[in-house]
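Notes for the one structure printed next.
By convention here, the first residue in the shown sequence is residue 1. Atoms within each ligand, like the ligands themselves, are counted from 1 in listed order.
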Amino acid sequence: MADFQQSTNRFLSWFKLVGGEFKDDLIEVQDLRAQGAGRGIVAKKDIPEDCTLLTIPRSAIINIETSELPKKLPKVFEAAFDEEDEDTEPLDPWESLILIMVYEYLQGDASRWKPYLDVLPTTFDTPMFWTESELKELEVTVLTKDKIGRQASDDKLRTRIVPVVKHNPDIFYPVGKNQLTEDDLLNLAHRMGSTIMAYAFDLENDEEEDEADEDGWVVDRDAQKMLGMVPMADILNANADFNAHVNHGESLEVTSLRSDIKAGTEILNYYGAMPSSEVLRRYGYITTEYHRYDEVEIPRSAVAQALGRATGLSPSELLEMGIEIDADKEGDPYIIERDSGAPNEEGRLIEEAKMDEFPELEEELKLALKAIKKHKPEMIADNRKRDGAVNAVITEVVADKLAQYPTSIREDRAILKKSGITNRHRMAVEVRLGEKVLLEEALTMLRARSAAVANEDEERPAKKMKSKAQ
Ligand SMILES: C[S@@+](CC[C@H](N)C(=O)[O-])C[C@H]1O[C@@H](n2cnc3c(N)ncnc32)[C@H](O)[C@@H]1O
C-alpha cells in the first residue's frame with residue numbers, strides 16, 4: 001500500500017518536473033484497486049465544463065521522436081520509413097514503440113521516464129495471459145484464440161523484437177547489467193506490447209492543416225499519426241459513458257466535458273465505442289455500459305447452409321445461380337449488433353441501444369433470393385414470401401448460434417451471483433452472457449416481425465371483403 005502511494009507521489013512530482021500541469025486543487029490520483037481499477041483520477045471539488053485538468057508537454061511523451069533509441073539505432077528505425085529498402089520489412093509503429101519501451105525499461109534509473117515506467121503495470125488481465133481453463137469460459141464468443149492472438153504475437157516478438165535486443169547488447173543494457181535470457185526478453189516484450197495496447201495514444205499532429213510535401217502532394221494526416229505513451233493522460237480510466245476528453249494540440253490537454261462533475265466523481269476518458277469483448281481483449285476489464293455495443297459473429301457458412309435448407313437448394317445449385325455467400329471461405333462473418341447511437345458532446349449515452357435490423361445480412365439474403373427467383377420464379381412468388389424467407393433464415397442462424405454456447409443465460413446469471421468467482425471468470429461470463437442477451441433480443445425482434453406479417457395476412461382477406469361490401 002505504502003509502496004503504491006510512494007510510486008504515485010514520485011510519478012506526480014516527476015510529471016510536474018518535466019513540465020506537466022496537474023490541477024491539484026481540482027483533481028487527485030487515487031488508489032482504485034479495491035474496485036479493480038488500479039490508479040485513477042478523481043475530482044476533489046465540483047468541476048465546471050471545459051476546464052483544463054491536465055496538460056502534458058509533447059516532450060514528456062515516449063515515442064520515436066523523444067526516446068534516444070532511434071538515434072542510437074538509426075538503421076533499425078529508418079527502415080520504418082524507408083519503403084525502398086527491400087531487404088528489411090519496416091518496423092510498424094507498434095513494433096517501434098515496443099522496442100523503445102523495452103529499451104527505456106532496461107535503462108533502469110538512467111531512463112528519463114523511470115518514475116513513469118514504475119507506475120505502469122507488470123501483470124495484465126487481458127485474455128492474452130489467461131490459462132487454457134480460463135480461456136475455455138470464452139468458448140463460442142467472438143474472442144477466439146486467433147483473435148486473442150497469443151501465438152501470432154509470440155512469433156512476431158520473437159522474430160522482430162528479440163533479435164534487435166540480442167544483436168545490440170551495448171545499446172540496450174547499461175554497463176554492468178546482466179543480459180536477459182531469450183524467454184525473459186520475450187516476456188518483457190509481451191509486457192510492453194500489452195502496456196501499449198492498453199495505455200498508448202494515437203498522437204495527432206498539432207498542425208491544423210494538411211501540409212503539402214516538396215512534390216506538392218498533400219501528406220495524409222492519418223499516416224502521420226504516431227503511437228506514443230502519454231504520462232498522466234493514461235492514468236485516466238475510461239468508460240463508454242465518459243466525462244473528459246484529451247485534446248491534441250501543441251501539448252496534450254485533458255478537459256472536462258460536463259458541467260456537473262461533482263467532487264468524488266472519477267474523471268473518465270473515452271477509448272471508443274467497443275463491444276465488451278473488445279474492451280476485455282485490449283484493456284482487460286469490462287463495465288456494464290459497454291454491453292450496448294456487444295456483437296456476435298455469424299459465419300458465412302452457417303448462413304449459406306440455412307439458406308440451402310430454407311430453399312431446398314444444394315450449395316452447388318446456389319453457386320450456379322451466382323449466390324456466393326460462402327464462396328470466400330475466409331470471408332468476414334456477418335455481425336449481429338444493436339443500433340447503439342453515439343455518445344453526445346458531453347460524453348453521455350442518451351439514446352437507447354435497439355436491436356432493429358441486420359443490414360448486411362438482410363441485404364445479401366434479399367439479393368440471393370432475388371437471384372433464386374430469377375431461376376425458379378415459383379419458389380418466391382412475391383416480396384412478402386421473400387421477406388418471410390429472409391426472416392426464417394436469420395431466425396435459424398441466430399437460434400443455432402444461441403444453442404452453441406455451453407451454458408444458458410440463466411446459468412450465467414447464477415454464476416455471476418456466486419461469491420468467490422475470480423475476476424477473469426466473471427469477465428468471461430459477462431462477455432458470453434452479453435452475446436446471448438443480444439441474440440435473445442434478435443430472436444424477440446424476429447418473432448415480432450413474423451407475427452406482424454402473419455397478422456397482416458389474416459387482416460388482408462377481411463379488408464378485401466370489407467372493401468367489396470362497400
Ligand atoms: C490507460 S490505463 C488507466 C490507468 C490504470 N488504471 C492504471 O492504474 O495505470 C488502462 C487500464 O486501466 C484499467 N481500467 C481503465 N478503465 C477502467 C474501468 N472503467 N474499470 C476498471 N478498470 C479500468 C484497465 O486495467 C486498463 O487496461
Side-chain angles (χ1 to χ4, degrees), residues 1 3-12 14-15 20 22 27-43 53-54 56 60-63 97 101 105 113 115-130 143 148 190-203 227-246 252 254 261 264-293 343 347-349 422-424 426-428 430-431:
M1 188 71 154
D3 270 4
F4 191 87
Q5 192 52 48
Q6 274 168 15
S7 304
T8 304
N9 295 346
R10 272 198 304 271
F11 171 53
L12 190 55
W14 168 87
F15 178 69
F22 187 93
I27 51 170
E28 64 186 354
V29 177
Q30 277 192 10
D31 179 352
L32 303 177
R33 284 177 297 171
Q35 301 157 40
R39 291 181 177 82
I41 295 183
V42 176
L53 304 172
L54 294 174
I56 306 103
I61 293 171
I62 307 184
N63 72 354
L97 192 53
M101 289 293 286
Y105 172 78
W113 287 281
Y116 171 45
L117 298 173
D118 284 346
V119 295
L120 292 176
T122 52
T123 57
F124 301 84
D125 270 327
T126 40
M128 175 83 86
F129 298 94
W130 290 16
L143 287 178
I148 294 166
H190 263 300
R191 179 174 139 193
M192 293 312 171
S194 295
T195 304
I196 292 167
M197 170 98 94
Y199 285 67
F201 283 72
D202 271 331
L203 301 171
L227 207 54
M229 295 289 294
V230 185
M232 204 56 87
D234 62 4
I235 294 299
L236 291 172
N237 286 325
N239 203 350
D241 186 297
F242 53 101
N243 54 21
H245 173 72
V246 184
L252 273 71
V254 175
I261 303 180
T265 308
E266 185 172 5
I267 309 299
L268 292 169
N269 188 14
Y270 186 49
Y271 298 160
M274 274 175 272
S276 51
S277 51
E278 189 59 7
V279 181
L280 176 61
R281 189 184 74 83
R282 292 196 206 176
Y283 302 98
Y285 77 100
I286 283 183
T287 66
T288 320
E289 288 75 13
Y290 286 109
H291 282 304
R292 64 166 39 226
Y293 300 117
R348 291 181 213 271
L349 292 164
T422 66
N423 187 36
R424 292 181 180 184
R426 177 189 59 79
M427 293 193 290
E430 284 187 8
V431 165

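- In this structure, CE on Met192 lies 10.0 Å from CG on Leu97, to the nearest 0.5 angstrom.
- Two residues are said to be in side-chain contact when any heavy atoms from C-beta on lie closer than 4.5 Å; His245 and Val254 fail this criterion.
- The immediate protein surroundings of ligand 1, defined as residues with any heavy atom under 4.0 Å of it, consist of Gly36, Ala37, Gly38, Arg39, Ala198, Tyr199, Asp234, Ile235, Leu236, Asn237, Ala238, Tyr271, Tyr283, Tyr285, Thr287.
- Counting heavy atoms from C-beta outward, Ile61 and Phe201 have side chains that stay 4.5 Å or more apart.
- Under the 6.0 Å distance and 45° angle rule, Arg191 counts as a cation-pi partner of Tyr105.
- Between Phe15 and Phe22, the ring planes lie perpendicular to each other; the angle is over 60°, past the 30° to 60° tilted range.
- Using a 4.5 Å heavy-atom threshold, the side chains of Arg281 and Met197 count as touching.
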